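Have a look at the structure below before the remarks.
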Amino acid sequence: MKRITLFLSLLSLLLIGVLTGCGAKESSGESENKKRESYIDQIKKKDKITIGIFTDKPPFGYVNEKGENDGFEIALAKRITKDLLGDENKVEFVPVEPANRIPYLQSDKVDLILANMTVTDERKEAVDFTNPYLKVAIQLLVKDSSDIQSIDDLKGKKVIVTKGTTADIFFTKNYPDIELEKYDQVTESFQALKDDRGAAYVNDNLLLFDLARETPGFKVVNEKLEDPSPIAPAVKKGNKDLETWVNEEFEKLSKEGYLLELYDQYLKEAFGDNVKNPADIIVEGE
């Protein structure tokens, strides 16, 4: 009787092992299938792409009088969505601030960042960039009554920056002796300049051109604080599927002259005489 019981126990253990092995193989197979499924396929399966955008940075991304997301980058995001999913309305816009753009990618809150993100070596360590669509430089915005003409005139004065921008990074790294007044949003930063909480507001010149045009009493100082840098969409580090697709999409849009069309629609009036030739800031054909 003891031999029979022992035999049955061993047989049960053997069956459990076989079933467990089969389950592991199935689980492994499911995992392998998921790995083989491209990121583009995943987006198509959920039938939606999430894109991080600005809502307070005209003319690139803002909320218009109808309460709708609008602007150069919004239109570009809708075209990307249409070409990927067949309907521009299949995009979910996620509002971001400069400082949380990278964390939102890293935590999978968005698939793509299309929010005026300048390509820098530091950011390349955290995310991957597609080909660029604009070129931008850092400049100063001051009141018309200001005598500031260059960065040298900022010594001993407070400088306003928006957290997480290239201007913030630039001054923190290169001018640690200059006191920075930091704010989360562009609107807050500009209001701080209006209220004389700083002598100058530093940001991308393409943004400052529009602020100066829209608000009498302010001007952009001519000096560029560094060489122009590219602005590009960003994807999560290692997401080559989406990076490659966006690059191919930009190549197609470049042949169509689509970015120049968007320039005429959203940027031409905003920049006025500050931009003599659209080709100076629009990047096509990379």
Side-chain angles (χ1 to χ4, degrees), residues 51-82 88 91 93-98 101 112-119 132-142 160-162 164-167 183-191 193-194 201-222 224 228-234 250 253-254 256-284:
I51 300 180
I53 49 97
F54 281 138
T55 58
D56 68 335
K57 198 167 185 177
F60 301 101
Y62 58 94
V63 178
N64 62 26
E65 62 277 1
K66 297 180 181 178
E68 301 169 338
N69 290 305
D70 203 352
F72 180 93
E73 289 173 330
I74 305 303
L76 182 56
K78 287 181 178 179
R79 174 59 188 271
I80 287 172
T81 303
K82 181 179 179 180
E88 68 176 27
V91 58
F93 288 125
V94 178
V96 296
E97 304 296 343
R101 289 174 294 188
L112 184 74
I113 287 290
L114 194 56
N116 233 239
M117 196 162 177
T118 306
V119 179
Y133 53 95
L134 290 172
K135 290 181 287 188
V136 68
I138 300 171
Q139 290 184 236
L140 307 172
L141 181 70
V142 299
I160 300 165
V161 297
T162 305
T165 60
T166 47
Y183 297 90
D184 291 322
Q185 298 181 343
V186 172
T187 48
E188 293 175 325
S189 304
F190 188 33
Q191 186 61 49
L193 180 62
K194 292 178 180 178
Y201 174 36
V202 191
N203 209 321
D204 294 346
N205 56 3
L206 302 186
L207 165 67
L208 301 184
F209 293 155
D210 188 61
L211 290 177
R213 182 186 69 87
E214 288 285 340
T215 314
F218 293 87
K219 63 184 178 181
V220 178
V221 177
N222 287 330
K224 292 182 175 66
S229 301
I231 291 178
F250 275 16
L253 297 181
S254 175
E256 292 181 15
Y258 181 71
L259 291 181
L260 289 174
E261 289 180 18
L262 290 187
Y263 175 89
D264 287 341
Q265 183 177 353
Y266 289 102
L267 307 184
K268 185 176 181 179
E269 182 180 352
F271 297 161
D273 294 336
N274 291 297
V275 176
K276 305 297 183 185
N277 183 357
D280 292 338
I281 64 167
I282 294 289
V283 179
E284 290 200 303

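Bear in mind that the values here come from a model prediction, so they are computed numbers and not experimental data.
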If you compare all heavy atoms of T118 against all heavy atoms of S229, which two are closest, and at what distance to 0.1 Å?
CG2-CB, 3.5 Å

I'd like to know if the side chain of R101 reaches the main chain of P98, judged simply by a donor and an acceptor atom lying under 3.5 Å from each other, with no hydrogens or angles considered.
yes

Polar side-chain atom of Q139 near backbone of V221 as donor-acceptor pair, under 3.5 Å
yes

Are F218 and Y201 near enough that their ring centres are under 6.0 Å apart?
no

Any [X] side-chain heavy atom under 4.5 Å of [Y] side chain:
| X | Y | answer |
| --- | --- | --- |
| Y263 | I281 | yes |
| V136 | N116 | no |
| F60 | L114 | no |
| T215 | F190 | yes |
| P233 | Y133 | yes |
| V63 | D70 | no |
| Q191 | E188 | no |

Side chain to side chain contact (heavy atoms under 4.5 Å, CB included) for L259 and L134? Distances and angles first, verdict last.
CA-CA 9 Å; L259 291 181; L134 290 172; over 6 Å; no

Go through the steps for R79 and E261 under the test salt bridge (charged side-chain N to carboxylate O under 4.0 Å, His left out), then give the verdict.
CA-CA 12 Å; R79 174 59 188 271; E261 289 180 18; over 6 Å; no

For the pair T81 and I51, evaluate side chain to side chain contact (heavy atoms under 4.5 Å, CB included) and give the outcome as yes or no after the intermediate values.
CA-CA 9 Å; T81 303; I51 300 180; 4.1 Å; yes

Holding to side chain to side chain donor-acceptor pair (under 3.5 Å), I want the full list of residues that pass it with S189, two or more places apart in sequence or in another chain.
T162

Using the rule given for side chain to side chain contact (heavy atoms under 4.5 Å, CB included), can you reason through N203 versus L141, listing the C-alpha separation, both sets of side-chain angles and the distance that settles it, and then say yes or no?
CA-CA 8 Å; N203 209 321; L141 181 70; over 6 Å; no

